[in-house]
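Data block below; observations after.
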Amino acid sequence: MTEIPKTYRVKSFGCQMNVYDGERMAELLGAQGMTAAGDGEDADLVVLNTCHIREKAAEKAYSDVGRLRREDGSKPIVALAGCVAQAEGAEAKSRSSLIDLVVGPQAYHRLPDMVAEVAKGGRPVDTDMPAISKFGALPARRKVGPSAFLTVQEGCDKFCTYCVVPYTRGAEISRPFADVVAEAQSLVDGGAREITLLGQNVNAFEGGLDNLIRAIAKIDGLERIRYTTSHPADMSDALIAAHGEIDKLMPYLHLPVQSGSDPILKAMNRSHTAESYLETLEKVRTARPDIAISGDFIVGFPGEREEDFAATLAIVDAVGYASAYSFKYSARPGTPAAVMEGAVAPEVMDDRLQRLQARLAEHSLAFNRATVGKDTRILIDRKGRLPGQMIGKSPWLQSVFVETGARIGDMVDVTVTKALPNSLGGVLRDSKVAA
Ligand code: 5AD
Ligand code: SF4
């Protein structure tokens, strides 16, 4: 028998949707009367909200579990949540005796019940993907920071051949339009000035992501809207047009391409070519000329030859990404690519990743440099390290350092004075804070 926990800690890894899920789990545990453990304090319940996207991330889940045993031999109640939980289910319990419960991303509304089962001596597993969504069973949103995430769509029907998401997050499903608008309103009531709409394929939102953005843009007090992550095949003309029409929609688009080589894109089952991707971006830039483009890349997909990789570098140059994430291909059990021939040697992958990242860094520095001398508005989201220094986000999602008496959540007008690879320096345009 274990006691019902009084304190909790939720640790989220991986994507922004996990951050969102982690917040909702924390709210759920809070609604049960538990309090968040302070920094450095032992928690009675630790929820590890894990990521399965690449092997390294998945293995990290287990090493983190191992670290939860305390020096005196005691341990918290350990909940394995997120995509590793979904992928491994009951198996996870045999991999580590420290794990008390396993809960998947579509079942975490049941976390309090499951913790109660653990207290009675059980070791429950719930990786169901029920037709009725968890969202209805979650408590209302509470106070949030200036920039909030909001899941509007989950899952993926695209089945890129390298990706575990269709298996861990399930089929594409959109939340009801009205529910999302209501949650956006409550986030703004709770202090949010920026909302990022989330989905594994957010632009496949039923009812049209452009319509949703238009509805949310009507909320007073909401200043900025973003969305991530998108599939090129779902960039509808209406969504592209929205970028030119809705002021609150920020000039930033994360549109993963993965590779610039058509044979590799075909083997990845991406349903676009390098050319069709570039055409889509052309339309986006016509609608919103100053838009910052961000992307995801995989190097070393099975069968990737040097000329395929050269095509990836070429598309990087053609697009001029403002920012990007790049990864070495990781074979994931159960995915079609895991059994494909033509494995790329690890040292070749390393070399390609390095060359790709160097090229991407040149482009992001160039993008940042192009903003020097410009006036812009930032949303302050954290303190800097120096006294009086604050950090805020530009419309193009750059971090801007500025000396100001403004507080977190303020919008501040700045002039950009300096560009670094991953951030900008700025000075106040005038001393007035636009609160
Ligand atoms: N190996 C490497 N990277 C991957 N991604 C998804 N699956 C894999 C994999 N098996 C990358 C893709 C995706 C991002 C979220 O993670 O680039 O867009
Ligand atoms: Fe994975 Fe492809 Fe779906 Fe993205 S679109 S989640 S990469 S299967």
Side-chain angles (χ1 to χ4, degrees), residues 12-21 49-61 82-84 86-87 105 149 151 153-170 172 196 198-204 227-235 253-261 264-265 267-272 274 277 280 293-304 308-309 311-313 315-316 319 321 323-340 342-346 348-350 352-354 356-357 360:
S12 291
F13 305 91
C15 65
Q16 288 147 326
M17 196 175 288
N18 263 12
V19 175
Y20 174 86
D21 288 341
N49 192 21
T50 58
C51 173
H52 196 66
I53 197 90
R54 285 169 290 274
E55 190 180 358
K56 237 198 211 153
E59 287 310 314
K60 182 172 173 10
C83 293
V84 175
Q86 186 65 40
F149 292 133
T151 294
Q153 179 280 338
E154 271 190 72
C156 186
D157 294 341
K158 304 289 191 292
F159 290 93
C160 299
T161 51
Y162 50 81
C163 187
V164 289
V165 166
Y167 315 100
T168 57
R169 288 276 174 172
E172 276 176 22
T196 302
L198 297 181
Q200 268 90 31
N201 271 291
V202 72
N203 57 345
Y227 64 90
T228 199
T229 185
S230 297
H231 193 286
D234 291 318
M235 279 317 288
L253 175 64
H254 183 67
L255 197 65
V257 68
Q258 314 298 355
S259 167
S261 151
I264 296 296
L265 288 169
M268 286 176 163
N269 192 31
R270 284 293 293 177
S271 77
H272 60 81
Y277 176 85
T280 302
I293 305 297
S294 140
D296 287 345
F297 298 87
I298 296 174
V299 298
F301 186 82
E304 188 187 69
D308 297 309
F309 177 68
T312 297
L313 292 178
I315 205 165
V316 166
V319 173
Y321 288 92
S323 70
Y325 302 88
S326 47
F327 312 98
K328 283 188 270 184
Y329 169 70
S330 167
R332 309 303 291 128
T335 60
V339 293
M340 285 182 188
V344 174
V348 175
M349 278 205 219
D350 285 336
R352 286 180 189 166
L353 186 67
Q354 244 179 38
L356 174 61
Q357 290 184 340
L360 288 166

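Each ligand, and each atom within it, is numbered from 1 in the order the structure gives.
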Inset, instruction - Look only at interatomic distance and state if Y162 has a nitrogen or oxygen under 3.5 Å from any nitrogen or oxygen of ligand 1. - result: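 In this structure, Y162 places an N or O atom under 3.5 Å from an N or O of ligand 1.
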Inset, instruction - Return a yes/no value for S330: is any of its N or O atoms, backbone included, closer than 3.5 angstrom to an N or O of ligand 1? - result: yes
By number and element, which atoms of ligand 1 are closer than 4.0 Å to a non-hydrogen atom of [X]?
X    : answer
I53  : 5 (N), 6 (C), 7 (N), 8 (C), 9 (C), 10 (N), 16 (O)
Q258 : 12 (C), 13 (C), 17 (O), 18 (O)
R332 : 10 (N)
Y329 : 1 (N), 2 (C)

Legend entry - Atom of F309, atom of R352 and distance for their closest heavy-atom approach: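 Looking at all heavy atoms of both residues, the shortest contact is CZ-O, 3.2 Å.
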Legend entry - Interatomic distance, Q200 atom CD to T228 atom OG1 [nearest 0.5 angstrom]: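 Rounded to the nearest 0.5 Å, the CD-OG1 separation comes out at 10.5 Å.
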Inset, instruction - Examine R54 relative to F327 and say whether NZ or CZ is less than 6.0 Å from the centre of the six-membered ring and inside a 45° cone about the ring axis. - result: yes
Legend entry - Qualifying residues under side-chain hydrogen bond (donor to acceptor under 3.5 Å, both in side chains), relative to Q354, sequence neighbours excluded: none
Legend entry - All side-chain contact (heavy atoms from CB on, under 4.5 Å) counterparts of S230, not counting sequence neighbours: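 Counting only residues at least two positions away or on another chain, S230 forms a side-chain contact (heavy atoms from CB on, under 4.5 Å) with V202, N203, Y227, M235, L253, L255.
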